Number of protein chains: 2
Amino acid sequence: MDLAEGAGRRAEEAASPGEETILRAAIAVMAEHGYHGTSVRDIAEEAGFSASALYHHFESKQDVLATIMERGIKQLLLSTRTALAGAGEDPVDQLSALVSVQILFHLQDQRGTLLGTSEVRALEEPVRGRHLAKRRQQQRMFDQVVRRGVEQGVFTTSLPLEASRAIVVMCTGVASWFSPRSRVSREQIVERYQRLALDMVGAP
Amino acid sequence: MDLAEGAGRRAEEAASPGEETILRAAIAVMAEHGYHGTSVRDIAEEAGFSASALYHHFESKQDVLATIMERGIKQLLLSTRTALAGAGEDPVDQLSALVSVQILFHLQDQRGTLLGTSEVRALEEPVRGRHLAKRRQQQRMFDQVVRRGVEQGVFTTSLPLEASRAIVVMCTGVASWFSPRSRVSREQIVERYQRLALDMVGAP
């Protein structure tokens, strides 16, 4: 079984407690030192494991990164589909639901988000291509909602695809500046970004 | 002279041809492997220098990164101030000028932009604090234009600060997805983002 299948397999399954500990430790050290600046030994040490115990769970450092990235994007896709399925038929409600998921998901684990953004370059093929394809799927859910809104005359923007991409970027980007010590809550941020996104697509 | 003064000094001066070569080489290897995954030897090799020749120009790898980051943000601030000074008094023209600079600057060197976003964490103090202060200055120029637009009744948004931050994030983020091979030109992207930004602040 090659690495790609391995990471794929693990991304389908629930992680064992040992795997969870390793993945959390890897996010912590890689967020600080980057993928290439982090060794398997660093991850094992942070997790309180020996390097050989880590190799019991993961084939390599690349396998650890691939598992982090694949799980992240799968959870995001699942949360987004679930939110969309529960949002009813109104494009305003649908876009609001997408904005909420996109922001809250990326604020759940800001270090993990930073890693997800900066270390795609460190993913090896075929995992990298698969990851980027899933990101495009995520973008397409936004695209479809904005396009439907325009078709129904609910949104008036003449730039639906550009607006849709900008909305994903600005919602994901909240994780780059939001401080949990801020006086503004996550929920307030979500409400404000729902308003901004609706203004950008020309909703009432 | 400590490192911080060194980087500060160099950021004021024009780089020598040797320094330029080293900085360009550093951006190329760090964009691929990250700051912590790159050695002085890697940078020197990419630049076609010996490591000792590199140390003739820079004190350390941290000094190279600090110089890249400080020059980048200084150039961005200067370009932004220049664009704003030439944009006249209308908030619509001013915001359009800011959007144009923010996008074109970050598209000029997409690898450098990625580095600027992902390696702020690798900057040591006091350079890091100084860099973040300059980024806040950049954000404040957008904030002031949007606020003035609202005061003058030209922009109708009830969320000027949030809109201003979202505009900076979405314009900077163009560098994360734009392809020079795309059928859409940089100038078309700028025009479309000017429209999106104006829609978000509620301009006519």
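Here the structure is a predicted model, which is why all the values come from computation and not from measurement. Every chain is numbered from 1 and lettered A, B, ... according to where its sequence line falls, protein lines coming before strand lines.
Among B/Ala197, B/Ser118, B/Gly37, the residue with the largest count of heavy-atom pairs under 4.5 Å with chain A is B/Gly37.
Rounding to the nearest 0.5 Å gives a distance of 9.5 Å between CH2 of A/Trp177 and CD of B/Gln139. Going from atom OH of B/Tyr193 over to atom CZ of A/Arg165 covers 6.5 Å, rounded to the nearest 0.5 Å. Taking CG of B/Asp199 as the start and CG of A/Asp199 as the end, the distance is 9.0 Å to the nearest 0.5 Å. One distance of note links CD of B/Glu162 with CD of A/Gln188; it measures 9.5 Å at 0.5 Å rounding.
Both the backbone and the side chain of A/Ala163 come within less than 4.5 Å of a heavy atom of chain B. In this structure, the portion of A/Glu119 lying under 4.5 Å from any heavy atom of chain B is its side chain and not its backbone.
No donor-acceptor distance shorter than 3.5 angstrom exists from the side chain of B/Arg192 to the backbone of A/Leu159, with no hydrogens or angles considered.
Of all heavy-atom pairs between B/Arg121 and A/Gly34, the closest is NH2-CA, 3.6 Å. The two residues B/Val169 and A/Met170 come nearest to each other via the heavy atoms CG1-CA, 4.0 Å.
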